[in-house]
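This is a predicted model, so every value here is computed, not measured.
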Amino acid sequence: MTTITFFRSDGIFYGFEESGHVGYGEWGEDPFCAMLSSTTMFIVDAVEDVYHGTVQYNINEDDTVITVRSPSALPQFEADERVRFAVSGLFLTYYLMLEDMLLHDDMYEFTKDSGFEIKVVDREFE
C-alpha cells in the first residue's frame, strides 16, 4: 500500500510525502511506482529549474518514504505571487491527478485492490 499525504497551509498545497509500495509489480518493475518517482522528480526539477524556487526533498529508500516540500508555494516565504501560484499549482495538480485515478479505478489496474490512498493534512510549513 502506498500512501501519499499532501501538505496544505491556509488552503495552499506546498508539499507531499509518499510512503510504502503499491505492490503491483516487483521492486524496480512496478509501473505505478515508476510514475510516482518520475512525477516527484518532475515537480522537484520544475520548482528549482523552471520557477527558481526553493524545494526541500528527502528520499529514504530504506523506509520507502519520499518527502517533498516547497516554501516557495507560501506567501510568508515567497514574494513573487507568480512563483507561488506555479509551485502550489504543481502540488495541487499532482493531487488532482491521483484523485482522478482513484475515481476511475476501472481504467487503472493497480487501484482495484486499493493499492494506494491519498490524504490531505492541514499544517504549517516546518
### Summary
Shortest non-hydrogen pair, Arg123 vs Tyr14, comes out as O-OH, 3.0 Å

Cluster check [X], [Y]: I/L/V/M/F/W/Y, side chain < 4.5 angstrom:
X      : Y     : result
Phe13  : Ile4  : yes
Val83  : Ile43 : yes
Val121 : Leu74 : yes
Tyr94  : Val44 : yes

#### Entry: Side-chain heavy-atom pair Leu96, Glu99 within 4.5 angstrom cut-off
yes

### Query
Is there a side-chain contact between Pro71 and Phe125 (heavy atoms, below 4.5 Å)?
yes

### Query
Above 12 or not: heavy atoms from other molecules or residues under 6.0 Å from CD of Gln76?
yes

### Task
Using a cut-off of 6.0 Å, state whether more than 12 heavy atoms not belonging to Phe77 lie near its atom CZ.
yes

### Pair listing, side-chain hydrogen bond (donor to acceptor under 3.5 Å, both in side chains) test, anchored in residues 32-42, at least two apart
Glu18-Thr40

### Task
Output every pair passing side-chain hydrogen bond (donor to acceptor under 3.5 Å, both in side chains) with a member in residues 41-58, not counting sequence neighbours, ordered by first then second residue.
Gln56-Arg69

### Matching residue for Glu117 among Thr2, Thr3, Thr5 - test: side chain to side chain donor-acceptor pair (under 3.5 Å)
Thr3

Without placing hydrogens or testing angles, list every side-chain donor-acceptor pair under 3.5 Å for residues 84-92, not counting sequence neighbours.
from  : atom 1 : to    : atom 2 : distance (Å)
Arg84 : NH1    : Glu78 : O      : 2.8
Arg84 : NH1    : Ala79 : O      : 3.2
Ser88 : OG     : Arg84 : O      : 2.9
Ser88 : OG     : Phe85 : O      : 3.3

### Query
Should Met35 and Leu98 be marked as a side-chain contact (heavy atoms from CB on, under 4.5 Å) after you check the CA-CA gap, both sets of side-chain angles, and the distance that decides it?
CA-CA 11 Å; Met35 183 273 300; Leu98 294 170; 4.1 Å; yes

### Message
Between Val68 and Val47, does the side-chain contact (heavy atoms from CB on, under 4.5 Å) criterion hold? Intermediate values first, please.
### Response
CA-CA 11 Å; Val68 177; Val47 171; over 6 Å; no

### Task
Return the orientation label for the Phe16 and Phe6 ring planes: parallel under 30°, perpendicular over 60°, tilted otherwise.
tilted

